[in-house]
Enquirer: 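First the structure, which I've put down as structure tokens, then a few questions once you've had a look.
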Amino acid sequence: MSRIVYVNGDYVPEAEAKISVFDRGFLMADGVYEVTSVLAGRMIDFAAHMARLRRSLAELEMDAPAGEAELEAIHREMIARNALEEGMIYMQVTRGAADRDFTYPEGAEPSLVLFTQARPLRDTAGARNGIRVITVPDIRWARRDIKTVQLLAPSMCKMAAKTAGVDDAWMQEDGVVTEGTSNNACIVTAEGTVVTRDLSSDILHGITRAAVLRFAREAQVKVEERAFTVEEARAAAEAFVTSASSFVTPVVEIDGTAIGDGTPGPVARRLRDIYIEESLKAAT
Ligand code: PDD
């Protein structure tokens, strides 16, 4: 069954979904995106994704393609038309089509594209076995807090991981971890404290990260938002990543060093369970 894709006002079969070659998303990566996960046909943390979209658009002085109620209605229509039970909804907003120029064009109509990706999110090999990562230099630009579609750097890092025969990469600067290629990086100390990098323009402000830290604090798990080194991570009791597509996924090896006993740790497993349970309760 071909997916139904949303493009600038129309719901069309994916083979018919078209965008201009002059679209600035295509020419200049002048666009932002959000990925919202869907469980049991309902969206997780949709309001938070909308708030981050608003912020990304504001940082780039880009017009919103539609009001938030309309964006929500489009998401719901995409779930219905694609009979999406479990998976993701990808939404991309670009500045639109205009003659190629580095300055922002006046009066361009923003482009809006949505598509769905059906896939199991709860029962995954990563959740069961944990994932193995390598560390790589963070070669991205300095505004990683804006969720732009310029994803070549993380793509290159993910390919380095694939070539090394592992699942993903953690990016580092001067030996200090920034985040995963498409997720936020966390470690757990011997005392059971969850440590993850503090928010700044150095990392994406993950929606899952925020929810997991909230649930951790509610469950009396100590949380420290601060930078940590690759060395500290390799010696940690546990490690895990958070993202809309991976929820909480244990990391069992960093640069060939087993983390803890090399199997998913209890804190990561518990936080994953709490995250899924609470997200299902609050899903819309
Ligand atoms: N990635 N850091 C980076 C660099 C990311 O690309 C992502 C999300 C995250 C986690 O953010 P959130 O919890 O809001 O998903 C952190 C999405 C899932 C993607 O590009 O597919």
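Position 1 is the first residue of the sequence, and the numbers go up from there. In each ligand, atom 1 is the first atom listed, and ligand 1 is the first ligand listed. Model, not experiment: these values are computed from the prediction.
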Enquirer: Which protein heavy atom lies closest to atom 13 (O) of ligand 1, and at what distance to 0.1 Å?
Expert: T208 OG1, 2.6 Å
Enquirer: Please answer whether the main-chain N or O of L112 pairs with a side-chain N or O of N8 as donor and acceptor at a distance below 3.5 Å.
Expert: yes
Enquirer: Does any N/O atom on H49 come nearer than 3.5 Å to any N/O atom on ligand 1?
Expert: no
Enquirer: Considering only protein heavy atoms, which is closest to atom 8 (C) of ligand 1, and at what distance to one decimal place?
Expert: K147 NZ, 3.3 Å
Enquirer: Just let me know how R140 lines up against ligand 1, side chain, backbone, both or neither, with a heavy-atom cut-off below 4.0 Å.
Expert: side chain
Enquirer: When you look at CD of E109, are more than 12 heavy atoms from neighbouring residues, nucleotides or ligands closer to it than 6.0 Å?
Expert: no
Enquirer: Measure from NZ or CZ of R100 to the centre of the six-membered ring of F22, then state whether that distance is under 6.0 Å and the direction lies within 45° of the axis.
Expert: no
Enquirer: Rounded to the nearest 0.5 Å, how far does NZ of K162 lie from SG of C157?
Expert: 15.0 Å
Enquirer: Within the structure, does I207 bring an N/O atom to less than 3.5 angstrom of an N/O atom in ligand 1?
Expert: yes
Enquirer: Suppose we measure from atom 21 (O) of ligand 1 to each protein heavy atom; which comes out shortest, and what is that distance?
Expert: V35 CG2, 3.8 Å
Enquirer: Can you confirm, on distance only, whether ligand 1 has an N/O atom lying under 3.5 Å from any N/O atom belonging to S243?
Expert: no
Enquirer: For atom 6 (O) of ligand 1, find the nearest protein heavy atom and state the residue, atom name and distance (0.1 Å precision).
Expert: S182 CA, 3.4 Å
Enquirer: Looking at ligand 1, does Y90 have a heavy atom less than 4.0 Å from it?
Expert: no
Enquirer: Do S182 and K158 pair up side chain to side chain, a donor and an acceptor below 3.5 Å, judged on atom types alone?
Expert: yes
Enquirer: Determine, stepwise, if the pair Y6 / F115 fulfils ring-ring contact (aromatic ring centres under 6.0 Å, His included).
Expert: CA-CA 6 Å; Y6 177 94; F115 57 81; over 10 Å; no
Enquirer: Quick one: which ligand 1 atoms are inside 4.0 Å of a heavy atom on N184?
Expert: 10 (C), 16 (C)
Enquirer: Could you check atom 18 (C) of ligand 1 against the protein and tell me its nearest heavy-atom contact, residue, atom and distance included?
Expert: S245 OG, 3.8 Å
Enquirer: Hydrogens and angles aside, do T242 and N183 bring a side-chain donor and acceptor to less than 3.5 Å of each other?
Expert: no
Enquirer: Validate the cation-pi geometry between R81 and Y11: distance from NZ or CZ to the six-membered ring centre under 6.0 Å, angle to the ring axis within 45°.
Expert: yes
Enquirer: Hey, is L204 touching ligand 1 through its side chain, its backbone, both or neither, going by heavy atoms under 4.0 Å?
Expert: side chain
Enquirer: Using a 4.0 Å heavy-atom cut-off, which part of T181 comes near ligand 1: side chain, backbone, both, or neither?
Expert: backbone
Enquirer: Just checking R270: does its CZ atom have more than 12 heavy atoms from other residues, nucleotides or ligands closer to it than 6.0 angstrom?
Expert: no
Enquirer: List the closest protein heavy-atom neighbour of atom 11 (O) of ligand 1: residue, atom name, distance to the nearest 0.1 Å.
Expert: G206 CA, 3.5 Å
Enquirer: Give me the nearest non-hydrogen protein atom to atom 2 (N) of ligand 1 as residue plus atom name, then the distance to 0.1 Å.
Expert: E179 OE1, 2.7 Å
Enquirer: May I ask you to identify the nearest protein heavy atom to atom 20 (O) of ligand 1, giving residue, atom name and distance to one decimal place in Å?
Expert: Y33 OH, 2.7 Å
Enquirer: Quick one about D255 and T257 (side-chain donor to acceptor, distance below 3.5 Å, no hydrogens or angles considered), yes or no?
Expert: no
Enquirer: Heavy-atom pairs closer than 4.0 Å: do any link ligand 1 to the side chain of R52, the backbone, both, or neither?
Expert: side chain
Enquirer: Quick one: does S246's side chain have a donor or acceptor within less than 3.5 Å of a partner on V248's backbone?
Expert: no
Enquirer: Give yes or no for whether the N/O distance cutoff of 3.5 Å, strictly under, is met between R209 and ligand 1.
Expert: no
Enquirer: So, is A244 polar-close to ligand 1, with some N/O to N/O distance under 3.5 Å?
Expert: yes
Enquirer: Does one side chain, of Y90 or Q92, offer a donor that lies under 3.5 Å from an acceptor on the other?
Expert: yes
